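Encoded as structure tokens, the structure appears first; notes follow it.
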Amino acid sequence: MTDIKLEEKWQRKWQDARIFQSDPDEREKLFLTVAYPYPSGAMHIGHGRTYTVPDVYARFKRMQGYNVLFPMGWHVTGAPVIGIAKRIARQDPWTLNIYKNVHKVPEEELARFSDANYIVDYFSSQYKDVMQQMGYSIDWRREFKTIDPTYQKFIEWQICKLRAKGLVRKGAHPVKYCPECQNPVGDHDLLEGEGVGINELTLIKFEIDGAYLVPATFRPETIYGVTNLWLNPDVNYIKIEIQGEEWIISREAYDNLVHQKQDIKIIAEVDPQKLIGKYVKNPITHEEHIILPASFVDPEYASGVVYSVPGHAPADYIALQDLKKDSELMKKYDLEDAVQKIRPLNVITLKDFGEFPAEEMIQKFRVENQDDTRLKEATNELYKLEHAKGVISEHITDYAGLPVAQARDEITKELRDSGRGDIMYDFAERPVICRCGGKCVVRILEDQWFLKYSDTPWKELTMKCLSQMEIVPEEVRANFDYYINWLHDWACSRRIGLGTKLPWDPQWIIEPLSDSTIYMAYYAIATHIKKMNAADLDDSFFDKVFLDKNDSYTGKIDEELLKKVKDEFNYWYPLNWRLSAKDLIGNHLTFHLFHHSAIFPKNKWPKGAVVFGMGLLEGNKMSSSKGNVILLSEAIETHGSDVVRLFLMASAEPWQDFDWRENELKGIKKRLEWFSEFAGRVEELNGSKIDLKSYKLNSDPEKSINTWLLSQINIRVREATQALEGFQTRKALQESLFLLKKDVDHYFYRIEPDLEDEKFKSEVAATLIYVLNIWIRLMTPFTPHICEELWNKHGGSGFISEAPWPQYDETVINEKVQKAEEIVTGLSEDINEIKKILNKEPEKIHIYIAPEWKWKIFDIAAEVGKPDIGRIMQEAIKQDVHQDKKEIAGFAKKIAREMTKINYVGKIDEYSVIKDSLEFLSRESGAEVLVYKEPTYDPEGKSGNALPYKPAIYIE
RNA sequence: GCAGGGGUGCCCGAGCCAGGUCAAAGGGGACAGGCUUAGGACCUGUUGGCGUAGGCCUACCAGGGUUCGAAUCCCUGCCCCUGCACCA
């Protein structure tokens, strides 16, 4: 049977037996969820890790006896699929290529992808198939889509709850917008300009003949250093009417501004040539500034008008230089006298710089002219420096001594409040091009709805919620902390996309991050609610079920059922673990806390969160849009899902980035094969069929190597269990697979010379069956299919998925036994080393063990606990452990340091340990090995070297 | 810039919070040996340097410090990664 066939067989059996369908019972519950997928593409191995972690944990906890609920749903709300459907309909080549070649959608299916609903249906059913192929222990009865009418009712309830608590408000909001499509656009809708931010600029009104020229700036504090204005004489300028004023801006700026301002219209063309040489009035200093020509002024950016601060802006400084050199241009506009008079003005004092940092930057970066590419670097560097470390200079009396960042905020406020300034948005980088080919703009959406994450009492409540949670790994708690404080109001409504309408303002759709914050509660009651009629699920229903409002519900659902639903919710809730990706801390996960703390009482708040790292493919970042992915379905096909699961869990801890490497995958595959063959080897040694269910380990084994293996496996169980409790899948596997295999390898190697002995052999078989019994169960959460198969084949009872998790037996873990084995292997290594140095093949090897008095001194040294030679000697003499005081002194000195290097666990009967291992030692060294209690034969006096744990060796 | 996380042997990566058992787990790769008709697989060993007795020297980004003792604690510097949203 191939791996896949075998895996499918068990998946079917699990399904038929319904062992992963969880209903409330008397056991302790454990409820965990992982972010439900947005099915806009095929599932790749990165997703594979995300969903395998909770499955491993769920399986582990189930074996420990918990009633575990692990559900799954489909987050189909949002805009991306709308865009995808449109692009498919338009036969956009890039999109077609990705879906054909990366997501591997067959031609005939692709044809139907012009329907967004079809896309999410297609991929969610594909996701489900793959999840089942991966063997996930999901309760599929609870599956749902976020556009199911009953779910939408639930979402309506939640948003109304928040609104009733005063946590929803109305306002305006800037977004990326495509004028061609007449729609807001997300990153995935863009041809160019992915991830580009929106900047807020301050417009400052400089009066000229009753109208205003309105340069835009990031640095309004530099208004005190203005020497002139810049216009680009080759650009079209216009005069517009806005809010009863007249502004002069570039034609392109108008195209942007029209999306941001109300009541705005063009009233005239303006010839920039005629403005040059004229004067404007500074609204703050009331000085007059001349208008000058400059080619660096970009009509597309902001208002297309720039004010000049040559003291602090490298561009302005160099443009002024250029102009001074360009006598032709100066003559054309008759500017010579005025320009020669212009001197930079200082505004900001910056450590390590003089009066005019812009000038120094121009020199430092060797900027030649205003079209030099290095100009941008110079500008950026100075901008950062002045923002971070600059202070407003003393002669600017209004703001003297203030840090630049602070002064900027205050000046901005003053300008805007007094009407001398205004606000405008623009992209941080350009171009930003929609997939339709249109140029995007920043648009202000009015009447937008916001969730008030800035609300202080709400933040405080959320912080409380966080503080009672377990966070894995603990290091990211600081991130949560930070985001909760940093988060401001969130625009929670959208114009486009699939989703639930705002109940009180149905022109808006609830944004998809806001409809997926408390849906774990929906899972808890999903088996019931899915059968109900959405019309019966009004707010009072949810109030009753989730918040236990006694009197409220008056609808059609009968009392008894209602109680059942409510009880089920109370059984599963609160959520024990929420798993999600690292990059969602800032929104999804934090919203999850916000919404729970606002809606639910404390005892229903989430108990824990686990965050995931990213996936790499042979060292490179995985990305569907770049085609750099391996589909999970294909990985399963080539390797089998147990191997895929094992690799994903073993190569990194969940919160670390994992790297899918074909080479390492091979290693994992071999390891798993070794494991599945192990049972066969045990059976062979045993000489007859193994029956795990009737097996019992009888009595203490005679040979220490067997005791050793029993001790080792119990250590591995202990460590693996602890690791899994903390979601450390990699560590758990290190213990339960890799290190345990090493132990077993060592064991096989060690016992081999003694296998002739039948009694010993049966002891070995008994030991190994014990190991096998534990080991299969230890591996089950990771590789459930192969474990079911082995369990079934070797007489385990029932499904191993339901078998009890192995308990480690603390009494079997024995430090002295471990130490004894270390002494033997250490001895073997030392013999080899000496052999190597002597460079000869020995005939006989004599081993001498340490005399009694040395052990006593070790006991004393262990008691003292520090390398304190004086005290060790004192105590040794007092106890009279040995006649020769000189020898004691020498020994004490020698071991003082030695003691800190070994883990002293007390006296060990080295003589019998070594005697037990003579066959092994002799095979390893290729010589006869003799061990002495007393040095009756010691021609070179080597026996004196013997230390506890380190017998002396004489080779001849 | 703000916030968070890091720099370990050929590569990946544990260890660091609770300093000594650390020349530093485990995996990958490389080399050697065993097994085998051969290859593969499997097992064993080697993979910083030196060494005619199990040892010594140098090492965990760099430089200082604390300590009997530091990969681990403290300070300084250099370098790298991630997030900063309205997008799931």
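Below, chains carry the letters A, B, ... as their sequence lines are ordered, and counting in each starts from 1. Computed from a predicted model, the values in this text were never measured in an experiment. All heavy atoms count here, side chains included; hydrogens, waters and symmetry mates do not.
- For the C1' atoms, the distance from rC74(B) to rU67(B) is 12 Å, rounded to whole Å.
- Under the Watson-Crick or G-U wobble criterion, with both distances below 3.5 Å, rU82(B) is paired with rA3(B).
- When the C1' atom is compared between rU8(B) and rC79(B), the two are found 15 Å apart, to the nearest whole Å.
- Residue-level contact check: Leu584(A) touches the bases, meaning some heavy atom is under 4.0 Å from a base atom.
- Residue Lys942(A) places its side chain closer to rA53(B) than to any other of rA53(B), rA88(B), rG51(B).
- Using a 4.0 Å heavy-atom criterion, one finds that His173(A) contacts the bases of the nucleic acid, with or without backbone contacts as well.
- Scored by the salt bridge (Lys or Arg N to Asp or Glu O under 4.0 Å) test, Arg169(A) finds Asp489(A) as partners (sequence neighbours excluded).
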Step by step, work out the ring-ring contact (aromatic ring centres under 6.0 Å, His included) result for His488(A) and Trp486(A).
-> CA-CA 6 Å; His488(A) 28 272; Trp486(A) 169 82; 5.4 Å; yes
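- Nearest to the side chain of Glu664(A), among rA88(B), rG27(B), rC11(B), sits rG27(B).
- Atom CG of Leu616(A) is separated from atom P of rC81(B) by 13 Å (rounded to the nearest Å).
- When the side chain to side chain contact (heavy atoms under 4.5 Å, CB included) test is applied to Glu474(A), the partners found at least two apart in sequence or on another chain are Ile471(A), Arg477(A).
- Pair check for rC31(B) finds rG45(B); Watson-Crick or G-U wobble, both atom distances under 3.5 Å.
- In this entry the distance linking CZ of Arg477(A) with P of rG4(B) reads 15 Å, nearest Å.
- Atom P of nucleotide rA14(B) and atom CG of Asp657(A) are separated by 11 Å, given to the nearest angstrom.
- Out of rC2(B), rA53(B), rG27(B), the shortest distance to the side chain of Tyr482(A) is found at rC2(B).
- Residue-level contact check: Leu513(A) touches the bases, meaning some heavy atom is under 4.0 Å from a base atom.
- If you measure from atom CD1 of Ile834(A) to atom C1' of rG55(B), you get 10 Å, rounded to the nearest angstrom.
- With both ends at atom C1', the span from rG7(B) to rA59(B) equals 16 Å, rounded to whole Å.
- Using a 4.5 Å heavy-atom threshold, the side chains of Tyr127(A) and Tyr36(A) count as separate.
- Distances were taken from every side-chain heavy atom of Leu739(A) (C-beta onward) to each of rA25(B), rG51(B), rC2(B); the shortest belongs to rA25(B).
- Proximity note for Glu475(A) (side chain, C-beta onward) versus rG28(B), rG26(B), rG5(B): the nearest is rG5(B).
- Shown here, rC73(B) forms a base pair with rG65(B); the pair counts as Watson-Crick or G-U wobble because both key distances fall under 3.5 Å.
- When heavy atoms are screened at a 4.0 angstrom cut-off, Arg730(A) is found touching base atoms of the nucleic acid.
- For residues 828-837 of chain A, the side-chain hydrogen bond (donor to acceptor under 3.5 Å, both in side chains) pairs, not counting sequence neighbours, are Asp830(A)-Lys950(A).
- Protein atom CG of Asp659(A) is 13 Å distant from nucleotide atom P of rA14(B), rounded to whole Å.
- Looking only at distances, a side-chain donor or acceptor of Glu511(A) sits under 3.5 Å from a matching main-chain atom of Leu513(A).
- For CD of Glu919(A), the number of neighbouring non-hydrogen atoms (other residues, nucleotides, ligands) closer than 6.0 Å is 12 at most.
- Under the side chain to side chain contact (heavy atoms under 4.5 Å, CB included) criterion, Arg730(A) pairs with Glu653(A), Gln734(A), sequence neighbours left out.
- Nucleotide rC22(B) is matched to nothing when pairs are restricted to Watson-Crick or G-U wobble geometry with both distances under 3.5 angstrom.
- Heavy-atom contacts from other residues, nucleotides or ligands closer than 6.0 Å to CD of Glu843(A) number 12 or fewer.
- When heavy atoms are screened at a 4.0 angstrom cut-off, Asn479(A) is found touching the sugar-phosphate backbone but no base atom.
- When the C1' atom is compared between rU21(B) and rC12(B), the two are found 26 Å apart, to the nearest whole Å.
- Distance from the side chain of Trp486(A) is smallest to rC84(B) among rG4(B), rC84(B), rC87(B).
- Nucleotides rG4(B) and rA14(B), compared at atom C1', are 22 Å apart to the nearest Å.
- Checking side-chain atoms of Asp659(A) against main-chain N and O of Glu618(A) turns up a donor-acceptor pair under 3.5 Å.
- Going from the C1' atom of rA70(B) to that of rA23(B) covers 15 Å, rounded to whole Å.
- The only option from Trp508(A), Tyr425(A), Phe450(A) that meets the ring-ring contact (aromatic ring centres under 6.0 Å, His included) definition with His173(A) turns out to be Phe450(A).
- In this structure, rC87(B) makes no Watson-Crick or G-U wobble pair, since no nucleotide meets both defining distances under 3.5 angstrom.
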Output a table of nitrogen or oxygen pairs between the protein and nucleotides 39-43 of chain B separated by less than 3.5 Å.
{"residue": "rC43(B)", "atom": "OP1", "partner": "Lys741(A)", "partner atom": "NZ", "Å": "2.7"}
{"residue": "rC43(B)", "atom": "OP1", "partner": "Asp745(A)", "partner atom": "OD2", "Å": "3.3"}

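- Within a heavy-atom distance below 4.0 Å of RNA chain B, the residues of residues 948-956 of chain A found are Lys950(A), Pro951(A), Ala952(A), Ile953(A), Tyr954(A), Ile955(A).
- Going from atom OH of Tyr904(A) over to atom P of rG20(B) covers 21 Å, rounded to whole Å.
- A 3.5 Å limit on both hydrogen-bonding distances identifies no Watson-Crick or G-U partner for rG9(B).
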